[in-house]
Amino acid sequence: MKKTMATGFMAAAIVVILMLEIAGAARTKDTTEVLCHMNEDDLNLCKPAVQKTNPVTTPTPECCKALSGANLTCLCEYKNSFLLPALGIDPTLALALPAKCNLPNPSNCN
C-alpha cells in the first residue's frame with residue numbers, strides 16, 4: 001500500500017511540474033523567478049550543461065552569468081530532490097556547474 005501511495009504522489013508531483021512548465025511556455029516574456037533567483041530563461045541557458053542526455057562539457061558564458069545571480073545555497077537544497085531529474089537535469093552535473101563557471105560552491109553542498 002505504501003508503494004502505491006508513493007507512486008501516486010510522484011505521479012501527481014510530475015503532473016504539477018508539467019503543468020507549471022506548460023504554463024511557463026505559454027507566456028511570451030517571463031522574467032519571474034522560477035527557482036532560486038533564476039527565471040525560466042536563465043534555467044534554459046544552463047540546461048545543455050546539466051541535462052541527463054548528451055550534456056555539453058563546458059557551460060556557456062551566458063549560463064555562467066545567469067548562474068552568478070542565482071542563490072547557490074538554495075539550488076543546493078534541490079540536490080536530492082525528484083524535481084531536477086523530473087526536469088531532465090542531472091543533479092551531479094548541476095552541482096558541478098558553479099565550479100565550471102568559476103563560482104564558489106556553497107558550503108555543505110556535497
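The structure displayed is predicted, hence computed values, not measured ones.
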What's the separation between atom NZ in Lys65 and atom OG1 in Thr60, rounded to the nearest 0.5 Å?
11.5 Å
Run through Thr58, Leu97, Leu43 and flag the one making a side chain to side chain contact (heavy atoms under 4.5 Å, CB included) with Cys63.
Leu97
Non-hydrogen side-chain atoms of Cys46 and Pro59 separated by less than 4.5 Å:
no
Could you grab the distance from atom NZ of Lys47 to atom CG of Leu93, nearest 0.5 Å is fine?
12.5 Å
Could you go through the side-chain contact (heavy atoms from CB on, under 4.5 Å) check for Leu72 and Leu67 one step at a time?
CA-CA 8 Å; Leu72 298 179; Leu67 190 64; 3.8 Å; yes
Looking only at heavy atoms, what is the nearest atom pair of Pro55 and Lys52, with distance?
CD-O, 4.0 Å
Heavy-atom nearest pair, Met38 first then Ala70, reads CG-CB, 3.4 Å
At what distance, to the nearest 0.5 angstrom, does OG of Ser81 lie from CG of Leu75?
11.5 Å
Inter-residue atom distance Tyr78.OH - Leu83.CG, 0.5 Å rounding
6.5 Å
Passes side-chain contact (heavy atoms from CB on, under 4.5 Å), Leu103 versus Cys64? Steps please.
CA-CA 8 Å; Leu103 297 171; Cys64 292; 5.6 Å; no
Rounding to 0.5 Å, atoms CD (Glu62) and CG (Asp41) come to a distance of 12.5 Å
